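All figures in this text were calculated on a predicted structure; none of them were measured in a lab. Chain A is the first sequence line, chain B the second, and so forth, proteins listed ahead of strands; every chain is numbered from 1.
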Protein chains: 2
Amino acid sequence: MIDAPRRRTQEERREETRARLLRATVEALRDQGLTRLTTPDIARRAGVSRGALTYHFASREDLLVDSIAWLLDQATGGLRKLCDAYPAPTMPIEALVDYLWDMMASGLFQVTMEFLPEARHNAPFRERLLPVVREFHAALDASWTRLSAVAGIPQEEAQVSLNATMCLIRGMIAQNVLRNDPAYYEAMLGWWKRQLRGWLGQDAGAAAPLPPPILPAFVHAEPPRKRLVRDRARRQAGGG
Amino acid sequence: MIDAPRRRTQEERREETRARLLRATVEALRDQGLTRLTTPDIARRAGVSRGALTYHFASREDLLVDSIAWLLDQATGGLRKLCDAYPAPTMPIEALVDYLWDMMASGLFQVTMEFLPEARHNAPFRERLLPVVREFHAALDASWTRLSAVAGIPQEEAQVSLNATMCLIRGMIAQNVLRNDPAYYEAMLGWWKRQLRGWLGQDAGAAAPLPPPILPAFVHAEPPRKRLVRDRARRQAGGG
DNA sequence: AAAAACAAACACGCAAGTCTGTTCTTACCC
DNA sequence: GGGTAAGAACAGACTTGCGTGTTTGTTTTT
């Protein structure tokens with residue numbers, strides 16, 4: 001027999017629906033991209049009606065902003081947890097770089113690449129994003145400071161080299177879209193780790209256990225084609 | 001009196017119109033972004049009719065691909081010219097980094113950020129872009145090799161460090177969208193130049209004359225609002 | 001009973017692709 | 001070499017599809 005849907009408080013209903021929508025939006029953003037991000041799609045993914053969506057979020061843009069904030073919050077939390085995992089001993093720099101890479105490459109920067117262009121051309125949207133992103137950058141800086149403290153490294157040096165690490169990772173992920181060449185990136189990241197260890201004056205360390213990623217793994221699916229490809233969709237007779 | 005429009009050959013007409021459309025597309029892409037890139041807009045910018053556009057390019061996507069190829073060709077040419085400018089003496093690494101930064105930040109990577117998400121989610125589009133981008137990457141690698149030769153540096157080392165430079169620059173430009181902080185990037189780039197000079201075993205060099213940028217300077221205008229911002233467009237009574 | 005939460009139908013705008021008609025070049029012919 | 005037919009190049013109207021925001025109606029909780 002099927003349980004009748006348990007009675008929930010209004011707040012429970014509200015928060016669950018909103019949470020489903022936020023997560024669905026981020027996943028759709030990563031898997032389909034911003035241009036293919038439609039409110040009917042999001043509602044379907046979240047398992048709610050479009051009416052529920054429009055009830056909780058007045059516009060698609062509102063939903064977007066809140067979803068991005070949610071994602072960055074998750075990332076901040078993971079980062080904090082990582083730092084907590086290395087209180088007294090020195091954090092192996094390789095583990096840090098690997099963690100940052102996984103965090104960015106598995107979802108965070110994929111999603112960022114989706115909304116950055118919109119932020120560039122849509123001032124109100126950008127303004128709403130700025131405080132959210134500022135908070136994330138502050139969390140990064142705080143992490144670098146904590147790490148430099150436990151490792152006994154000049155804070156200035158840690159800031160610039162670890163922020164540069166983030167930029168390097170961003171650039172690598174961006175390039176990866178049109179240059180899928182794992183060896184290239186592995187070599188570059190390995191080289192970078194060696195440089196970092198030199199700057200920060202560390203010896204080699206063991207690999208570290210990392211907190212789990214925020215989103216489930218992404219498989220490149222490409223479901224129904226939209227818009228931009230209509231002319232390419234003509235099927236050729238024959239051929240398998 | 002007004003000159004009657006000079007008689008042009010079909011090829012001249014064709015090439016001029018196509019060139020206007022390619023350039024207009026790239027500029028629109030940079031100034032308005034891919035989501036706001038409409039064929040009526042492009043035609044207007046190019047000073048041709050929409051009919052002319054659709055005559056020369058069967059689809060918006062065709063026009064996009066050709067425009068990107070054109071842009072990357074321009075960049076490749078500039079890079080080659082830069083290398084030619086430093087045949088015998090050692091290229092000052094600062095000049096190289098500055099050139100790459102200007103090239104990427106003034107248009108190339110701005111535009112790239114626009115179409116990367118589309119390439120990620122649109123396989124046919126991506127496949128058409130791959131050979132174009134491969135050629136660009138090959139031109140980069142060739143430049144690194146040439147530079148390493150004149151500078152007497154191990155080629156391997158030059159490849160990885162200069163490709164890393166490109167990735168670093170990409171990441172910085174991406175971050176710049178939501179962290180407009182010139183001092184931050186200047187410091188990072190300066191730090192990076194010092195590191196590079198160390199690896200490549202150079203002394204300080206004078207600033208170099210750089211080839212001109214591909215596109216005219218961009219001023220953030222944000223003309224008519226589209227789509228995503230409709231709800232934000234409500235004007236408040238009063239206020240200046 | 002009232003309000004919050006949800007559901008679904010409606011209307012508008014817009015851009016891409018298609019199509020039909022017009023102007024400009026070229027090639028051919030006498 | 002001038003006139004003309006054919007085709008390239010251009011111009012603009014039309015059609016369709018789709019996604020957003022809106023609105024009106026229903027269920028659930030208070």
Side-chain angles (χ1 to χ4, degrees), chain A residues 4-21 24-25 28 32-64 118 122 125 223-234, chain B residues 4-21 24-25 28-29 32-65 118 122 125 223-234:
Chain A
R6 180 184 129 263
R7 195 181 167 87
R8 296 171 298 173
T9 68
Q10 296 283 52
E11 169 145 5
E12 281 172 339
R13 287 178 82 189
R14 178 183 180 80
E15 287 314 309
E16 182 181 331
T17 305
R18 290 180 65 102
R20 280 163 158 255
L21 285 167
T25 300
Q32 303 170 212
L34 182 57
T35 61
R36 293 164 179 78
L37 182 79
T38 69
T39 48
D41 257 5
I42 295 170
R44 214 173 305 127
R45 276 177 181 264
V48 306
S49 72
R50 207 178 94 84
L53 186 152
T54 66
Y55 174 74
H56 286 287
F57 299 94
S59 73
R60 192 182 90 128
E61 197 167 303
D62 287 349
L63 175 54
L64 241 188
E118 181 62 23
N122 179 340
F125 179 61
R225 294 284 166 64
K226 297 277 173 63
R227 263 301 147 69
L228 267 165
V229 289
R230 201 185 296 181
D231 59 327
R232 296 285 124 197
R234 288 180 197 129
Chain B
R6 183 184 127 261
R7 196 179 167 88
R8 296 171 298 171
T9 69
Q10 296 281 54
E11 170 144 6
E12 282 171 337
R13 287 179 80 190
R14 180 183 178 80
E15 287 315 307
E16 182 182 331
T17 306
R18 290 181 66 102
R20 280 163 158 256
L21 285 167
T25 301
L29 205 50
Q32 303 171 213
L34 182 56
T35 61
R36 292 164 180 78
L37 183 79
T38 69
T39 47
D41 257 5
I42 295 171
R44 214 173 304 130
R45 276 176 180 264
V48 306
S49 72
R50 207 178 95 83
L53 186 153
T54 65
Y55 174 75
H56 286 286
F57 299 94
S59 73
R60 192 182 88 128
E61 195 166 304
D62 287 348
L63 175 54
L64 241 187
V65 171
E118 181 62 23
N122 179 341
F125 179 61
R225 293 284 167 63
K226 298 278 173 63
R227 260 306 145 68
L228 268 165
V229 288
R230 201 184 298 182
D231 58 327
R232 294 285 124 198
R234 288 181 197 126

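Atom-to-atom, CD of Glu15(A) to P of dA4(C) comes out at 15 Å; the value is rounded to the nearest Å. If you measure from atom CZ of Arg8(B) to atom C1' of dC10(D), you get 11 Å, rounded to the nearest angstrom. Spacing between atom CZ of Arg14(B) and atom C1' of dT23(C) amounts to 17 Å, rounded to whole angstrom units. Across the protein-nucleic acid pair, Asp41(A) atom CG and dT20(D) atom P stand 9 Å apart, rounded to whole Å. Between Ile42(B) atom CD1 and dC14(C) atom P there is a gap of 18 Å when expressed in whole angstrom units. Between Arg20(A) atom CZ and dA5(C) atom C1' the separation is 14 Å, expressed in whole Å. Glu12(B) has its CD atom 16 Å from the P atom of dC24(C), to the nearest Å. Taking atom CG on Leu63(B) and atom C1' on dA15(C), their separation rounds to 14 Å, with Å as the unit.
Both Thr39(B) and Glu11(B) lie close to DNA chain C; mapped to their nearest nucleotides by heavy-atom distance, the more 5′-ward contact belongs to Thr39(B). Both Gln10(B) and Gln10(A) lie near DNA chain D, and the one whose nearest nucleotide falls closer to the 5' end is Gln10(B).
One side chain, Thr39(B) or Arg50(B), offers a donor N or O that lies under 3.5 Å from an acceptor on the other.
By the 4.5 Å heavy-atom criterion applied to side chains, Asp41(A) and Gln32(A) are counted as neighbours. Residues Leu21(A) and Ile42(A) form a side-chain contact, since some pair of their non-hydrogen atoms from C-beta on lies under 4.5 Å apart.
Within the 4.0 angstrom heavy-atom criterion, only backbone atoms of the sugar-phosphate kind lie near Leu37(B); the bases stay farther away.
Proximity of residues 49-56 of chain B to DNA chain D (heavy atom under 4.0 angstrom from any strand atom) is restricted to Ser49(B), Gly51(B), Ala52(B), Tyr55(B), His56(B).
If you run salt bridge (charged side-chain N to carboxylate O under 4.0 Å, His left out) between Glu16(A) and each of Arg20(A), Arg14(A), Arg13(A), only Arg20(A) comes through.
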Show me, pair by pair, the donor-acceptor contacts under 3.5 angstrom made by side chains of residues 51-58 of chain A, not counting sequence neighbours?
unit_1   : atom_1 : unit_2   : atom_2 : d
Thr54(A) : OG1    : Gly51(A) : O      : 3.0

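Salt-bridge annotation for Glu118(B) and Arg36(A): present, with a side-chain N of the basic residue lying under 4.0 Å from a carboxylate O of the acidic one.
For the pair Glu15(B) (side chain) and Glu12(B) (backbone), a donor-acceptor distance under 3.5 Å is absent.
Here Arg13(A) does not reach the OP1 or OP2 of dA5(C): none of its side-chain N or O atoms lies under 4.0 Å away. For the pair Thr17(B) and dC10(D), the criterion of a side-chain N or O lying under 4.0 Å from OP1 or OP2 is met.
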